[in-house]
There are 2 protein chains.
Amino acid sequence: MAKHDPDLSLIFHALADPTRRAMLTRLAEAPARVTELANPTGLRLPTVMRHLSVLEEAGLIVTAKDGRVRTCALVPEAMAPVRTWLDTQRDIWEARLDRLDDYVTRLMKERTK
Amino acid sequence: MAKHDPDLSLIFHALADPTRRAMLTRLAEAPARVTELANPTGLRLPTVMRHLSVLEEAGLIVTAKDGRVRTCALVPEAMAPVRTWLDTQRDIWEARLDRLDDYVTRLMKERTK
DNA sequence: ATCATGCTTAGCCATATATCTAACTATCCC
DNA sequence: GGGATAGTTAGATATATGGCTAAGCATGAT
């Protein structure tokens, strides 16, 4: 089981923290500067920066500095790999149910023969 | 930003590891015993057990022991909170686009007035 | 009863995470 | 220029994570 999909791992890891999810939710409303994101968290700035860089490295947000203000914005397409993975997972599961179905169907034909 | 949704954090954290995702994919095909899941990983059993318990604590799988064999099975509904979160996130984003739309529309009416 | 099989437990180790404080840098405003 | 504002950098620390080995404990087969 090699380390495929480093993206997915980065994204899921970024999403695994409630503070970071809250930040994403905030950013879904509108872009925001660093202190704006920090405020509701009660965390110190360096800590917030760390969270932001995790989000940025996962590709979930982009940031840009204008003067002394850094503005952060959501990258909504970045969630796509997650949906894709979930869908693939579901497809496999459903294919399995179908096979079961076939099996049951075959059994019943056998019976009523 | 309190620690709501411990579930989501547990689930995302469980999904953040490629080995664990591979195990889930395998289990989407069919239930499997521990050694069966361990084989393709090249990892030692205790390590595999650890991964399995992370998955189980996140509610993504269930396991049961029959004799000396423990069988693991996927709990596909367990992914639901993830989809819900993604959908909510998307809704917020789209509501935002709508507001932008309104804004632009208003501006244009203003112009052609 | 004995032995192999299939986990389990306990404990070690290295690295990664989340948080902080303290000190520094770069703007902006007067 | 000088002070306030907005980040940033550089550690320090505590805990968590992912991996291992070694030893233990049921259960199934002979």
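Below, chain A is the first sequence line, B the second, and so on; all start at residue 1.
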Exercise. Give me the ring orientation class for B:Phe12 and A:Phe12: parallel if the planes are under 30° apart, tilted from 30 to 60°, perpendicular past 60°.
Key: tilted
In whole Å, I'd like the distance from the [atom1] atom of [X] to the [atom2] atom of [N].
X	N	atom1	atom2	value
A:Asn39	D:dT5	CG	P	14 Å
A:Leu37	D:dT8	CG	C1'	16 Å
B:Leu43	D:dT21	CG	P	11 Å
A:Asp17	C:dA16	CG	P	18 Å
B:Leu45	D:dA23	CG	P	17 Å
A:Arg68	D:dG3	CZ	P	15 Å
A:Phe12	C:dA16	CZ	P	22 Å

Practice problem: State whether the number of non-hydrogen atoms from other residues, nucleotides or ligands found under 6.0 Å of A:Arg50 atom CZ is greater than 12. | Solution: no
Quiz item: Got more than 12 heavy atoms from elsewhere within 6.0 Å of CZ, A:Arg83?
Solution: yes
Self-check item: Close side-chain approach of A:Leu15 and A:Leu60, heavy atoms under 4.5 Å
Solution: yes
Quiz item: Are any non-hydrogen side-chain atoms of B:Met23 and B:Thr41 less than 4.5 angstrom apart?
Solution: yes
Quiz item: Taking the side chain of B:Val69 as its heavy atoms from C-beta onward, which of D:dC20, C:dC7, D:dG7 lies nearest to it?
Solution: C:dC7
Quiz item: Which residues, if any, of residues 46-66 of chain B bring a heavy atom under 4.0 Å of DNA chain C?
Solution: B:Pro46, B:Met49, B:Lys65
Quiz item: Any side-chain N or O of A:His13 under 4.0 Å from OP1/OP2 of D:dT17?
Solution: no
Quiz item: Given C:dC7, is OP1 or OP2 found less than 4.0 Å from the side-chain N or O atoms of B:Thr35?
Solution: yes
Quiz prompt | Residues B:Asp91, B:Arg96; criterion salt bridge (Lys or Arg N to Asp or Glu O under 4.0 Å); working and verdict | solution = CA-CA 8 Å; B:Asp91 287 350; B:Arg96 176 209 166 169; over 6 Å; no
Quiz item: Quantified as the angle between the terminal helix axes (five pairs each), what is the overall bend of the helix from C:dA1-D:dT30 to C:dC30-D:dG1 to 10 degrees?
Solution: 20°
Exercise. Indicate if B:Leu52 and B:Leu74 have the same hydrophobic cluster label, given that clusters are the connected sets of ILVMFWY residues with side-chain heavy-atom separations under 4.5 angstrom.
Key: yes
Quiz item: Applying the 4.5 Å side-chain criterion to the ILVMFWY set and letting contacts propagate, would B:Leu86 and A:Leu8 be lumped into a single cluster?
Solution: yes
Quiz item: Can you find a donor-acceptor pair, distance only, under 3.5 Å between A:Arg44 side chain and C:dT19 base?
Solution: no
Quiz item: Can you list the other members of the hydrophobic cluster that holds A:Val75, where links are side-chain heavy atoms under 4.5 angstrom apart?
Solution: A:Val62
